[in-house]
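These notes concern the structure reproduced below.
Counting convention: from 1, in listed order, for ligands and their atoms alike.
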Amino acid sequence: MSTIEIAQFACLSDNYGYLVHDAESGQTACIDTPETGPILSTLDARGWTLSHIWNTHHHFDHAGNNLEIKEKTGCQIIGPAGEAERIPGIDVKVDDGDTVKLGAHDVYVLNVGGHTLGHIAYHMPDTQNAFVGDSLFVLGCGRVFEGTMAQMWESLQKLAALPDSTTVYCAHEYTAANAAFAVSVDPDNDALQTRVQKITALRADGKPTVPTQIGLERATNPFLRPHDARIRAQLGMAEATDVDVFAEIRARKDNF
Ligand code: ZN
Ligand code: FE
């Protein structure tokens, strides 16, 4: 099994675009279509030909350039079945439990609805990568626009259950703001404090904080830690359910 190459590049004000390339087959997938120019120029610079778009959800900064990129490359568009009518040019509708292929690599689709109802993530277990769109961020998670807090919590638990060494590619650089909030609900977490120092240094150098890893998020991301006794104490919710603690953390972040 060949390895894969991943190109990460900035798009719009705070999005990341990704290209995943399998050298053996020559196939290349683009995760979402935040901005046409950087996607096409990165393909050109690498000498890669786009075979697929993998959409995570219908928001404009994720599917807004689908038709232009499909027209220019002839690629196939794979996207969330649950919001297919809002994914321009969709060819293949997928949802939880489905698999797609990049060359010989199996790519597993997870439904991680909540930010939008049909939001999906793409997990490549053999190379230990996951492309999660706006579901999980570094020290944060997506705003719950369409689903319920319970649905979002269930979705995040699916991601948290991936192997700790899974590399997570999120769609936005929101980390500095997320870090400030995380410390406010989990002030005594040494792993979080150490991480915030590294993040501050990266951002001071203008460097990305993405990708991240599942194990690191499990240790430091408050949205994956509603079971944590210190967070519960900080929120005055020692006896609450995990989903209620998660909902309180999400609500506080919305107003932070
Ligand atoms: Zn979004
Ligand atoms: Fe987004």
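Summary: OD2 is the N/O/S atom of Asp61 found nearest to the Fe ion (ligand 2). Looking at Asp134 and the Fe ion (ligand 2) together, the shortest N, O or S contact belongs to OD2. For the Fe ion (ligand 2), the nearest N, O or S atom contributed by His62 is named NE2.
Contact annotation: Asp61 places no N, O or S atom under 2.8 Å from the Zn ion (ligand 1). In summary, His59 places no N/O/S atom under 2.8 Å from the Fe ion (ligand 2), failing the contact criterion. Residue side and main chain included, His119 places no N/O/S atom under 2.8 Å of the Zn ion (ligand 1). Within the 2.8 Å limit, His115 places at least one N, O or S atom next to the Zn ion (ligand 1).
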For this session: Take Lys93 and Asp98 through the test salt bridge (charged side-chain N to carboxylate O under 4.0 Å, His left out) and record every step on the way to the result.
Result: CA-CA 9 Å; Lys93 304 168 189 175; Asp98 289 335; over 6 Å; no
Problem set entry | ring pair (Phe, Tyr, Trp, His ring centres under 6.0 Å) between Tyr18 and Tyr169, worked out | CA-CA 8 Å; Tyr18 299 105; Tyr169 295 87; 5.2 Å; yes
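Using a 4.0 Å cut-off between charged side-chain N and carboxylate O, Lys158 and Asp96 make a salt bridge. Look at Arg232 and Asp242 and you find a salt bridge, because one of the NZ, NE, NH1 or NH2 atoms lies within 4.0 Å of a carboxylate O, short of that distance. Using a cutoff of 4.0 Å between basic side-chain nitrogens and carboxylate oxygens, Glu217 and Arg195 are scored as salt-bridged.
The Zn ion (ligand 1) forms the vertex of an angle spanning ND1 of His59 and NE2 of His57; to the nearest 10 degrees it equals 90°.
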